[in-house]
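Presented below is the structure to which this report refers.
Residue numbers start at 1 and run along the sequence shown. Please read these numbers as outputs of a predicted model, since none were measured by experiment.
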Amino acid sequence: MEKLVISVGVTGSRITREQTPYIPITAAEIAQSGIEAWRAGASVLHIHVRDPKTGLGTQNYEIFKEVVDRIRGETDAILCLTTSGIPGRNLEFRERLVPLTFQPELVSFDAGSVNMRENVFLNPPEFLELLAKETLAKGIKPELEVFEAGMVDTCARYLEKGLLKPPLHFQFVLGVLGGMSATAKSLLHLSEIIPTGSTWSVIGIGTGQLPMAMIAVTMGGHVRVGLEDNIYYSKGVLAKTNAELVERIIRIAKEFGREIATPSESRKILGLK
Ligand code: ZN
């Protein structure tokens, strides 16, 4: 099996301080939490930033710059910046593309729209085509976030049209209300229908995080952990840092005999330059 690529969803855009006092909010906190997760053994940092006034996600250039500069100054981590926008607010497409300015190695590419609780997470064809073209032009690899099986077909169609370049890298997002549930069957099905030669990783939301990560470790896939997706370490016990979630999956993977990829090894596995 290939070495394990560990990604971390450092903060996301929607978890609040009321839900957990440990969620990083300021640029300094987000950067620090990402750096600690990298030190613990993660190689990909998936980054959203927050508006210090509302505490929620923003696509603000200056705040992104502060976080990106700090992480680049102190780590060799692969940056995967978000293009998802803000929950409940449908931003201008151009605003969602702001993180591409920083020339990260990966950006998220949510391969379709999803009903998420009270909101519709809108990713219409015009946006996906624009994002695909911009990433191609800039040489940035899209991380294809898939919430249900039809989104794999969407990506395969874009591959055929030349809007996506092989090898594709999928991030299955399982356990979101409105998407596929976090079960072994969901993961098995998705891993079998992606185009040959693609790589994949999985995000299990909430209580799905640990089981999905463990199954991916044994199947030869890759994993994402972190506070964006799950704020608990165990039942009723909040996770205090992203690093402790990374440390746990490393312990488990090592017990299985699965080695952990460094950032440079992860670059080769994911086909990054
Ligand atoms: Zn995200």
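Following chains of ILVMFWY side-chain contacts shorter than 4.5 Å, one cannot reach L106 starting from F127, and the two form parts of different hydrophobic clusters. By the rule that hydrophobic residues join a cluster once side-chain heavy atoms approach within less than 4.5 Å of another member, L227 and L79 end up as members of one cluster. Both L245 and I25 are members of a single hydrophobic cluster when ILVMFWY side chains are connected at heavy-atom separations under 4.5 Å. Put simply, V120 and F93 are part of two different groups of oily side chains (I, L, V, M, F, W, Y) that touch within less than 4.5 Å, one to the next. No single ILVMFWY cluster, assembled from side-chain heavy atoms under 4.5 Å apart, contains both L56 and I47.
Side-chain N or O atoms of Q59 include one that pairs as donor or acceptor with a backbone N or O of R96 at under 3.5 Å. Checking side-chain atoms of T135 against main-chain N and O of L131 turns up a donor-acceptor pair under 3.5 Å. Checked by atom type and distance alone, the side chain of S198 pairs as donor or acceptor with a backbone atom of P195 at under 3.5 Å. Between the side chain of E148 and the backbone N or O of G150, at least one donor-acceptor pair lies under 3.5 Å. Within the 3.5 Å criterion, the main-chain N or O of T262 finds a donor-acceptor partner in the side chain of S266. The backbone N or O of T26 sits less than 3.5 Å from a side-chain atom of E29, completing a donor-acceptor pair. Distance alone, capped at 3.5 Å, is enough to place a donor-acceptor pair between the Q19 side chain and the T16 backbone. In terms of modelled atom types and a separation under 3.5 Å, the side chain of Q103 and the main chain of K138 share a donor-acceptor contact. Side-chain atoms of R17 come within 3.5 Å of backbone N or O of I23 as a donor-acceptor pair. Under the 3.5 Å distance criterion, the side-chain polar atoms of E134 are left unmatched by any main-chain donor or acceptor of L130.
Interatomic distance, CD of Q32 versus CD of E36, reported as 4.5 Å (0.5 Å rounding). Note that CG of L168 is 12.0 Å distant from CG of L270, once rounded to the nearest 0.5 Å. For the atom pair I71 CD1 and I30 CD1, the distance stands at 8.5 Å (nearest 0.5 Å). Of the inter-residue distances, the one linking M151 atom CE with M180 atom CE reads 11.0 Å to the nearest 0.5 angstrom.
Listed here is the closest heavy atom pair of S43 and V5: OG-CG1, 3.8 Å. The nearest pair of heavy atoms linking T58 to N60 is OG1-N, 3.0 Å. Across all their heavy atoms, S13 and G85 have their closest contact at OG-O, 4.3 Å. In this structure, S84 and S108 approach most closely via the heavy-atom pair N-OG, 4.2 Å. The shortest non-hydrogen separation linking G112 to N123 is O-ND2, 3.0 Å. Scanning both residues, G41 and I250, for their nearest heavy atoms gives CA-CD1, 3.8 Å.
Considering only heavy atoms from C-beta on, Y22 comes within 4.5 Å of L238 through its side chain. Using a 4.5 Å heavy-atom threshold, the side chains of R39 and E74 count as touching. For the pair F170/S191, no side-chain contact is recorded, criterion being any heavy-atom separation below 4.5 Å from C-beta on. In this structure the side chain of L159 reaches within 4.5 angstrom of the side chain of P166, judged on heavy atoms. Counting heavy atoms from C-beta outward, L136 and K133 have side chains that stay 4.5 Å or more apart. Residues I35 and R70 are in side-chain contact: their nearest non-hydrogen atoms beyond the backbone lie under 4.5 Å apart. Side-chain contact between F109 and T83 is absent, with no heavy-atom pair separated by less than 4.5 Å. Within the 4.5 Å cutoff, no side-chain heavy atoms of S7 are placed close to those of V225.
Between F172 and F147, the ring center distance fails the sub-6.0 Å criterion.
For the side chain to side chain contact (heavy atoms under 4.5 Å, CB included) with L174, the lone residue among V146, T183, L190, I203 that qualifies is L190. When each of E143, Q171, H222, H169 is tested with S201 by the rule side chain to side chain donor-acceptor pair (under 3.5 Å), just one qualifies, namely Q171.
The environment of E92 atom CD is sparse: at most 12 non-hydrogen atoms of other residues, nucleotides or ligands sit within 6.0 angstrom. Other residues, nucleotides and ligands contribute over 12 non-hydrogen atoms within 6.0 Å of the CZ atom of R72. Enclosure of atom OH in Y233 by more than 12 non-hydrogen atoms of other residues, nucleotides or ligands within 6.0 angstrom is indicated.
F102 and F64 have tilted rings, their planes meeting at an angle from 30° to 60° on a 0 to 90° scale.
Applying the salt bridge (Lys or Arg N to Asp or Glu O under 4.0 Å) test to every pair with at least one member in residues 211-236, sequence neighbours left out, gives these pairs: E145-R224, R224-E228, R224-D229.
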- [ ] Give the C-alpha distance, both sets of side-chain angles, the deciding distance and a yes or no for side-chain contact (heavy atoms from CB on, under 4.5 Å) between V237 and Y232.
- [x] CA-CA 6 Å; V237 180; Y232 289 100; 5.7 Å; no
Task: Test log, rule side-chain contact (heavy atoms from CB on, under 4.5 Å), inputs C80 and L45 - done: CA-CA 6 Å; C80 176; L45 299 177; over 6 Å; no
TODO: Might you work through the side-chain contact (heavy atoms from CB on, under 4.5 Å) test for V10 and H48, ending with a clear yes or no?
DONE: CA-CA 8 Å; V10 176; H48 294 243; over 6 Å; no
Task: Full working for side-chain contact (heavy atoms from CB on, under 4.5 Å) between I140 and L100 - done: CA-CA 8 Å; I140 298 170; L100 274 68; 3.9 Å; yes
Quiz: residues 205-221 side-chain donor-acceptor pairs under 3.5 angstrom, not counting sequence neighbours:
from	atom 1	to	atom 2	distance (Å)
Q209	OE1	N230	ND2	3.1
Q209	NE2	G226	O	3.3
T218	OG1	I215	O	2.7

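Annotation: ring pair (Phe, Tyr, Trp, His ring centres under 6.0 Å) contacts of F256 (sequence neighbours excluded): none.
Side chain to side chain, N242 and S33 meet the donor-acceptor criterion of an N or O pair below 3.5 Å. Looking only at atom types and distance, the side chain of T11 has a donor-acceptor partner in the side chain of R50 under 3.5 Å away.
One finds no salt bridge joining K141 and E105 here, because no Lys/Arg side-chain nitrogen approaches an Asp/Glu carboxylate oxygen to under 4.0 Å. For R251 and E247, the salt-bridge test fails: no basic side-chain N is under 4.0 Å from an acidic carboxylate O. Comment: E244 does not engage R248 in a salt bridge, judged by the lack of any side-chain N to carboxylate O separation of less than 4.0 angstrom.
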